[in-house]
Chemist: 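Below are the structure tokens for one structure; questions will follow.
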Amino acid sequence: MKSEIREYLDNKINDLLNANSLCKEAKEKLNLYLNNKNTNEEEKYLKELLNELENDILPVDALVAFTSSDAAIKVFGEEKAKFYNAHANELKEKGIKYCDCPACKAAQEILEKKDEYFL
């Protein structure tokens, strides 16, 4: 991996580490990758992490649906669920494809360059 791509990935991995919205499964894949970084297994675990991020990143339509659901009210409370739903609808109106929480944002940025990690 080229050094500038390694630096980019490391920075985005750090963003993922600091994202309180990162799901348990992605945290597990992230830790496996970090534990195997700079080993012969690094590529394998990076691919697993990328696959997990592709599965976890939340499309804006799903965000709109979730934030308008009873489940969102249970998770966030009614006021926060309404706030998040309004925000999700703003994202959709702007043509943004994915949730912009810290975890989804970092995942999207990591995935944008995924083909460059294996050159």
Side-chain angles (χ1 to χ4, degrees):
M1 184 181 315
K2 293 181 181 178
S3 63
E4 62 271 6
I5 294 299
R6 164 78 63 196
E7 184 177 337
Y8 176 86
L9 179 59
D10 288 346
N11 287 333
K12 298 305 166 186
I13 292 289
N14 192 49
D15 291 345
L16 269 183
L17 283 169
N18 292 316
N20 61 355
S21 52
L22 189 64
C23 71
K24 181 183 105 176
E25 296 81 7
K27 283 180 188 177
E28 290 170 0
K29 296 295 183 185
L30 178 60
N31 285 323
L32 282 170
Y33 167 72
L34 290 172
N35 289 335
N36 288 282
K37 189 174 169 187
N38 299 317
T39 71
N40 291 337
E41 298 291 312
E42 177 180 9
E43 187 172 307
K44 171 189 169 186
Y45 289 105
L46 178 55
K47 286 178 181 178
E48 288 182 12
L49 174 60
L50 294 174
N51 186 54
E52 183 67 34
L53 295 178
E54 286 175 335
N55 290 324
D56 291 347
I57 194 168
L58 191 61
V60 75
D61 287 334
L63 180 63
V64 169
F66 173 70
T67 57
S68 64
S69 71
D70 289 339
I73 292 171
K74 288 179 185 174
V75 172
F76 302 120
E78 191 170 344
E79 289 302 311
K80 282 228 184 216
K82 285 181 183 179
F83 172 81
Y84 290 138
N85 184 253
H87 179 69
N89 280 296
E90 287 176 25
L91 294 175
K92 184 175 179 171
E93 288 172 17
K94 291 178 182 178
I96 295 172
K97 292 182 177 187
Y98 298 104
C99 172
D100 66 345
C101 75
C104 286
K105 184 176 183 231
Q108 185 176 1
E109 291 170 344
I110 288 169
L111 293 170
E112 284 173 354
K113 295 187 183 267
K114 71 178 182 177
D115 294 335
E116 296 179 52
Y117 305 138
F118 305 104
L119 296 178

Chemist: How long is the gap from CG on D56 to SG on C23, to the nearest 0.5 Å?
Modeler: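 Interatomic distance, D56 CG to C23 SG, rounded to 0.5 Å: 3.5 Å.
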
Chemist: Going from CG on L53 to CD on E25, what distance comes out if it is rounded to the nearest 0.5 angstrom?
Modeler: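 Here the rounded value is 12.0 Å.
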
Chemist: Between K2 and Y117, is NZ or CZ placed under 6.0 angstrom from the six-membered ring centre and within 45° of the ring axis?
Modeler: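 Relative to the ring axis of Y117, which defines the angle, K2 lies outside at least one limit.
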
Chemist: Closer than 4.0 angstrom, basic N to acidic O: yes or no for K105 and D15?
Modeler: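 Looking at K105 and D15, the cut-off is not met.
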
Chemist: Taking C-beta and beyond as the side chain, do K44 and N36 meet within less than 4.5 Å on heavy atoms?
Modeler: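 No. Closest side-chain heavy atoms not under 4.5 Å.
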
Chemist: Tell me the closest heavy-atom pair linking L34 and I13, and the distance in Å.
Modeler: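 Closest heavy-atom pair between L34 and I13: CD2-CG2, 3.8 Å.
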
Chemist: Going from CD on E4 to CZ on R6, what distance comes out if it is rounded to the nearest 0.5 angstrom?
Modeler: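 That separation rounds to 12.0 Å.
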
Chemist: Looking at Y8, does the NZ or CZ of K113 lie under 6.0 angstrom from its six-membered ring centre and within 45 degrees of the ring axis?
Modeler: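 That pair qualifies as a cation-pi contact.
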
Chemist: Under a 4.5 Å cut-off applied to non-hydrogen side-chain atoms, are V60 and D100 in contact?
Modeler: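 No - every pair of side-chain heavy atoms lies 4.5 Å or more apart.
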
Chemist: Can you tell me how far CZ of F66 sits from OH of Y84, rounded to the nearest 0.5 angstrom?
Modeler: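 Atom-to-atom, Y84:OH and F66:CZ are 10.5 Å apart.
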
Chemist: Any side-chain heavy atom of K114 within less than 4.5 Å of one from E54?
Modeler: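 K114 vs E54: side chains touch.
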
Chemist: Atom CG of residue position D70 - does it have more than 12 heavy atoms of other residues, nucleotides or ligands inside 6.0 Å?
Modeler: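 Counting other residues, nucleotides and ligands, CG of D70 stays at 12 neighbours or fewer.
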
Chemist: Rounded at 0.5 Å granularity, tell me how far NZ in K37 sits from CG in N35.
Modeler: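 Output value for this atom pair is 11.5 Å.
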
Chemist: Show your working on side-chain hydrogen bond (donor to acceptor under 3.5 Å, both in side chains) between E42 and Y33 and close with a plain yes or no.
Modeler: CA-CA 6 Å; E42 177 180 9; Y33 167 72; 3.0 Å; yes

Chemist: To the nearest 0.5 Å, what is the distance between CG (L63) and OH (Y98)?
Modeler: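 Answer rounded to 0.5 Å: 13.0 Å.
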
